[in-house]
Amino acid sequence: MSAVLHVRGTILVGPQEERDEAWVIGGRLTFERPVHAGAGEVESVSGYVLPGLVDAHCHVGLDAHGAVDRETAIEQASTDRDAGALLIRDCGSPLDTRFVDEHEELPKIIRAARHIARQRRYIPNVGEEIEPDELVTTVRVQARRGDGWVKLVGDWIDRDSGDLRPCWPVETLTAAIAAAHEEGARVTAHCFGEQSLHDFAAAGTDCIEHATGLTTDSVEAFAAQGIAIVPTLVNIANFPKFADAGRAKFPTYADHMVDLWERRYETIGAAHEAGVPIFAGTDAGGQLPHGLVAKEVAELVAAGLSPLEAIGAATWGARAWLGRPGLDEGQDADLVVYDSDPRADVGVLASPRRIVLRGRVVA
Ligand SMILES: [Zn+2]
């Protein structure tokens, strides 16, 4: 590694702020030209520069069958990194991925510890499966194991009614979310259907994953309360597949899923118009492969975000929401370099030229 890395081109520090030069010294970013940088020890990268992308819904340590081994988790995180995702909000994992923090070459992870699910109302081998009377205690335990987030499964198919149904009574949720906040953690929840969104908003949630069941009323509540959503449109694309798998036994559920899928862009577009904060997340790890963050940004554009807004949902905006720095003086140099301007075509995000993590060129 050379002593100084010179970053040149169009450095997109914020949605409205550009610089044309920066330096990386000792892994940290600075906009002040170093005095003693001799020509021989300077390596340079140039192009269009963004802060390391954020995948705000990603599962390192999980595959379709449950927890994976450490090697596989490292492969997953490497794939995310090579796609430019240098900060991951891990939305629940049965594997304790704390060891990833020892790997300088792997993305930074903000963990939600384990999913909290209702008994027999989630994918087997993934969550802590409990009943409502255990919710408050379980939330406290998971809050202490994570990095400031708790993840609940908010709704799932109910085999008796044959449709999506909320997993928790509102009063229990309200107490559980208050407990998480007391522990210093924010709460998010997997919600596909309509009713769970009303319940979680009433109970004071901070965020919702997927949020396909948003309607005019719940959009209003989300906007008023500043509840963020991470739609994971690349995974919503699979709803017709989920519907087909359940159609023989649960036709109502199947029709419901197809309806949610058909109006997905309209739903997310309406939330955006109303001012609901939206962030880019892929849901990699369960059904989907890792490394899809660029594809999700393109999906957010399809839902009605401008290219600049969609980029912000995976960079500046997402980092501010998660309390992490972007391209800021003195902070870790976590950045991605592209050949052409992603603001003109977000498709560019799929082909990073160089990736710099903790000041080191890693790809
Ligand atoms: Zn997920």
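Values below: all heavy atoms of this structure, side chains included; hydrogens, waters and symmetry mates excluded. Numbering of residues begins at 1 and proceeds along the displayed sequence.
- In the hydrophobic clustering of ILVMFWY residues, with side-chain heavy atoms under 4.5 Å counting as a link, Leu305 and Val276 come out together.
- The shortest side-chain heavy-atom distance between Leu87 and Leu322 falls under the 4.5 Å cut-off.
- Under a 3.5 Å cut-off, the side chain of Ser78 and the backbone N or O of Ile74 do form a donor-acceptor pair.
- A donor atom on one side chain and an acceptor atom on the other are not found under 3.5 Å apart for Thr79 and Asp82.
- No donor-acceptor pair closer than 3.5 Å links the side chain of Thr205 to the backbone N or O of Ala201.
- Gln195 and Asp199 share a donor-acceptor pair across their side chains, judged by distance under 3.5 Å alone.
- Between Val337 and Tyr48, every side-chain heavy-atom pair lies at or beyond the 4.5 Å cut-off.
- With respect to Arg111 and Asp147, a salt bridge is recorded, a charged nitrogen being found less than 4.0 Å from a carboxylate O.
- The shortest side-chain heavy-atom distance between Leu5 and Trp23 does not fall under the 4.5 Å cut-off.
- Gln16 places a side-chain heavy atom less than 4.5 Å from the side chain of Leu308.
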Worksheet item: Would His65 and Ile123 satisfy side-chain contact (heavy atoms from CB on, under 4.5 Å), going step by step from the backbone distance to the final call?
Response: CA-CA 8 Å; His65 310 289; Ile123 304 158; over 6 Å; no
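- Here CG of Asp80 is found 4.0 Å from SG of Cys58. Values are rounded to the nearest 0.5 Å.
- Seen from the ring of Trp156, Arg165 does not count as a face-on cation partner, given the 6.0 Å and 45° thresholds.
- Of the candidates Val170, Asp155, Ile177, Phe200 forms a side-chain contact (heavy atoms from CB on, under 4.5 Å) with just one, namely Ile177.
- Across all non-hydrogen atoms, the minimal contact from Ala185 to Trp149 is CB-N, 4.1 Å.
- Contact annotation: the side chain of Ile157 approaches that of Phe250 to within less than 4.5 Å [non-hydrogen atoms, C-beta and beyond].
- Taking CG from Asp90 and CG from Leu62, the interatomic distance works out to 8.5 Å, rounded to the nearest 0.5 Å.
- Judged by distance alone, with hydrogens and angles left aside, the side-chain atoms of Glu296 form a donor-acceptor pair with the main-chain N or O of Val234 at under 3.5 Å.
- By the 4.0 Å N-to-carboxylate-O rule, Arg28 lies too far from Glu329 to be salt-bridged with it.
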Discussion item. With side-chain contact (heavy atoms from CB on, under 4.5 Å) as the criterion, how do Leu12 and Trp316 come out once you've worked through the C-alpha distance, each side chain's angles and the decisive distance to 0.1 Å?
Written reply: CA-CA 9 Å; Leu12 300 164; Trp316 321 289; 3.9 Å; yes
Discussion item. Set out, in order, the CA-CA distance, both residues' side-chain angles and the distance that settles side-chain contact (heavy atoms from CB on, under 4.5 Å) for Leu197 and Ile208, then state yes or no.
Written reply: CA-CA 8 Å; Leu197 297 168; Ile208 292 291; 3.5 Å; yes
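- One hydrophobic cluster, built from ILVMFWY side chains closer than 4.5 Å, holds both Leu164 and Leu173.
- Here the side chain of Arg319 pairs a donor or acceptor atom with the backbone of Pro325 at under 3.5 angstrom.
- Of all the heavy atoms in Cys167 and Arg121, the pair that sits closest is SG-NH2, 3.9 Å.
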Practice prompt. Just do the side-chain contact (heavy atoms from CB on, under 4.5 Å) check on Val60 and Ile109 with the steps written out, would you?
Written response: CA-CA 9 Å; Val60 172; Ile109 302 184; 4.3 Å; yes
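- Both Val348 and Leu86 are part of a single hydrophobic cluster, where members link through side-chain heavy atoms under 4.5 Å apart.
- Checking Thr212, Asn238, Asp283, Thr282 one by one against Thr232, the side-chain contact (heavy atoms from CB on, under 4.5 Å) holds for a single residue, Asp283.
- Residues Glu194 and His256 bring a donor and an acceptor atom of their side chains to less than 3.5 Å of each other.
- Under the 4.5 Å side-chain criterion, counting only non-hydrogen atoms from C-beta, Pro277 is not in contact with Ile229.
- A salt bridge between Glu21 and Arg33 is present, with a side-chain N of the basic residue lying under 4.0 Å from a carboxylate O of the acidic one.
- You'll find the ring centres of His290 and His59 outside the 6.0 Å limit.
- Remark: Glu17 CD is packed, more than 12 non-hydrogen atoms of other residues, nucleotides or ligands lying under 6.0 Å away.
- In this structure, Glu183 pairs ionically with Arg144, as a charged nitrogen and a carboxylate oxygen lie closer than 4.0 Å.
- The pair Lys108-Asp334 meets the salt-bridge criterion, with a side-chain N (NZ, NE, NH1 or NH2) lying under 4.0 Å from an Asp/Glu carboxylate O.
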Worksheet entry | Candidate pair Asp158 and Ser161, rule side chain to side chain donor-acceptor pair (under 3.5 Å), full reasoning | CA-CA 6 Å; Asp158 167 50; Ser161 59; 2.7 Å; yes
Worksheet item: Stepwise, does the ring pair (Phe, Tyr, Trp, His ring centres under 6.0 Å) test hold for His210 with His57?
Response: CA-CA 10 Å; His210 318 302; His57 183 140; 5.3 Å; yes
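- Gln142 and His115 are not linked by any side-chain donor-acceptor pair at a separation below 3.5 angstrom, with hydrogens and angles left out of the test.
- The six-membered or imidazole ring of Phe192 lies near that of Phe239, with a centre-to-centre distance under 6.0 Å.
- In this structure, Arg114 pairs ionically with Glu128, as a charged nitrogen and a carboxylate oxygen lie closer than 4.0 Å.
- Nearest heavy-atom pair across Val139 and Ala176 is CG1-O, 3.4 Å.
- Glu18 places no side-chain N or O within donor-acceptor distance of the main-chain N or O of Ile11, the cut-off being under 3.5 Å.
- Placement of Phe222 and Trp321 in two distinct hydrophobic clusters is found when ILVMFWY residues are connected by side-chain heavy-atom separations under 4.5 Å, directly or transitively.
- Counting heavy atoms from C-beta on, the side chains of Arg353 and Ser46 come closer than 4.5 Å.
- Across Val13, Val336, Leu327, a single residue satisfies side-chain contact (heavy atoms from CB on, under 4.5 Å) together with Pro51, and that is Leu327.
- With hydrogens and angles disregarded, no donor-acceptor distance shorter than 3.5 Å links the side chain of Thr72 to the backbone of Val68.
- Put simply, the residue from Arg186, His181, Gln225 that forms a side chain to side chain donor-acceptor pair (under 3.5 Å) with Asp206 is His181.
- Hydrophobic clustering (ILVMFWY, side-chain heavy atoms < 4.5 Å, transitive): Phe242 and Val153 are in one cluster.
- In this structure, the side chain of Lys151 engages the main chain of Cys91 through a donor-acceptor pair within 3.5 Å.
- For Asn235 (side chain) and Leu233 (main-chain N/O), no donor-acceptor pair under 3.5 Å exists by modelled atom type.
- Checking side-chain atoms of Glu182 against main-chain N and O of Ala179 turns up no donor-acceptor pair under 3.5 Å.
- Side-chain atoms of Met257 and Tyr253, non-hydrogen and from C-beta on, do get closer than 4.5 Å to each other.
- The pair Arg118-Glu131 meets the salt-bridge criterion, since a charged nitrogen lies less than 4.0 angstrom from a carboxylate oxygen.
- The backbone N or O of Arg324 lies less than 3.5 Å from no partner atom in the side chain of Gln331, so there is not a single donor-acceptor pair.
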